[in-house]
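Each remark here refers to the structure printed beneath this line.
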Protein chains: 2
Amino acid sequence: MTKKTHSIGELARELDITTRTIRFYEDMGLLSPERRGQTRIYTPADRVRLKLILRGKRLGFSLAESRELIELYNPDADNNQTQLKALLGKIAEKRAQLLRQLHDIEVMQIELDEAERRCQDAMRTADPSTLSGESA
Amino acid sequence: MTKKTHSIGELARELDITTRTIRFYEDMGLLSPERRGQTRIYTPADRVRLKLILRGKRLGFSLAESRELIELYNPDADNNQTQLKALLGKIAEKRAQLLRQLHDIEVMQIELDEAERRCQDAMRTADPSTLSGESA
DNA sequence: CCCCAAGTTGACGTTAACGTAAAGTGCGGA
DNA sequence: TCCGCACTTTACGTTAACGTCAACTTGGGG
């Protein structure tokens, strides 16, 4: 059975971040691992949270935004109807933001296509004297 | 004919950023508008560059990355074959990065779906006493 | 028992991306 | 002519997200 908990070092190595980063996220309230004495112990759930944060980072989310996201995934038992409605609203917001990013990516992909085309055109029409030595 | 150049203030208003930001981008080498005396004059091309930077920001790109992107779109006449190959390589990198982001967005959308579902479940099963006053 | 690797808590340093305040320039209108 | 507004440069301040020591403690191996 795949070991259920991790040390901070293990997590850091696996996710390719530093322990400092993990502790920082804890300071920011994004994680709250258990303790055995002083030592932090991370559950699979903590690992999931971390990966969620890192995914957020890859999309340009701030830690505050990632914290919001994490909270969205937690309809805690103590949420009343009003709070739940607010949650649904925030979910819709995030969704809209993702759609905007999708659009931005599409546009950027097209621009990259054009850039590549121009680049290849330039290679074909380039002065052959600038060839940098692959012919004997 | 739609006026061809813009003042820094016009651009700032249109793109919803500050003039400080625009000047900062210039300091970072992302823009180099013409001058009429001291005053900066922005061409449509400058405007395009700016929008490109802002799109990059929405996707979490740093200004350095945006500068790279801008350079990708400029197969300057003075690029030799070696440089052009390097450009194609960078274009491929950016493409890969965008694909990663696309994947991240997909995953996140699914997670939002689940979050929304859980949230609505919670609303249905919630203690009706927490209803905050919409029934007469 | 002692050491070392891996953990811990401070605390200060650093980088990116601007904000903000100060002090001056240039120009179209009353 | 003087006002006001938009522009300019210079320079210091700020926030987020860590990096980088320093000075501990702690559990297991020789």
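Scope of the values below: all heavy atoms of this structure, side chains included, with no hydrogens, waters or symmetry mates. A, B, ... follow the sequence lines: proteins, then strands. Residue 1 opens every chain.
- Arg36(A) comes within contact range of no nucleotide atom at all, as no heavy-atom separation falls under 4.0 Å.
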Step-by-step side-chain contact (heavy atoms from CB on, under 4.5 Å) determination, Gln97(B) to Glu93(B): CA-CA 6 Å; Gln97(B) 181 179 352; Glu93(B) 269 182 46; over 6 Å; no
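- Look at Arg35(A) and Glu26(A) and you find a salt bridge, because one of the NZ, NE, NH1 or NH2 atoms lies within 4.0 Å of a carboxylate O, short of that distance.
- Linking ILVMFWY side-chain heavy atoms closer than 4.5 Å, directly or via other members, places Leu99(A) and Leu59(B) in a single hydrophobic cluster.
- Here the C1' atom of nucleotide dT8(C) and the CD atom of Glu34(A) are 18 Å apart, to the nearest Å.
- Salt-bridge annotation for Asp113(A) and Arg95(B): present, with a side-chain N of the basic residue lying under 4.0 Å from a carboxylate O of the acidic one.
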Distance-only donor-acceptor hits, side chain of residues 68-75 of chain B, under 3.5 Å, sequence neighbours excluded:
| unit_1 | atom_1 | unit_2 | atom_2 | d |
| --- | --- | --- | --- | --- |
| Tyr73(B) | OH | Glu111(A) | OE1 | 3.4 |

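- Of the residues in residues 13-32 of chain A, Arg20(A), Arg23(A) come within less than 4.0 Å of DNA chain C through at least one heavy atom, sorted by number.
- Between Arg118(A) and Asp121(A), no side-chain nitrogen of the basic residue sits less than 4.0 Å from a carboxylate oxygen of the acidic one, so the salt-bridge criterion is not met.
- Rounded to a whole Å, the CD1 atom of Ile41(A) is 12 Å from the P atom of dG27(D).
- Contacts between residues 53-70 of chain A and DNA chain D, defined by a heavy-atom separation under 4.0 Å, are made by Lys57(A), Ser62(A), Leu63(A).
- Proximity of Ser7(A) to the phosphate of dG7(C): a side-chain N or O atom is located under 4.0 Å from OP1 or OP2.
- A side chain to side chain donor-acceptor pair (under 3.5 Å) with Asp104(A) is found for one member of Arg58(B), Gln101(B), Lys57(B) and no other, namely Arg58(B).
- Remark: Arg100(A) does not engage Glu106(A) in a salt bridge, criterion side-chain N to carboxylate O under 4.0 Å.
- Put simply, CD on Gln38(A) is 5 Å from C1' on dT8(C), counting in whole angstrom units.
- With rounding to whole Å, Ile8(A) atom CD1 is found 17 Å from dG27(D) atom C1'.
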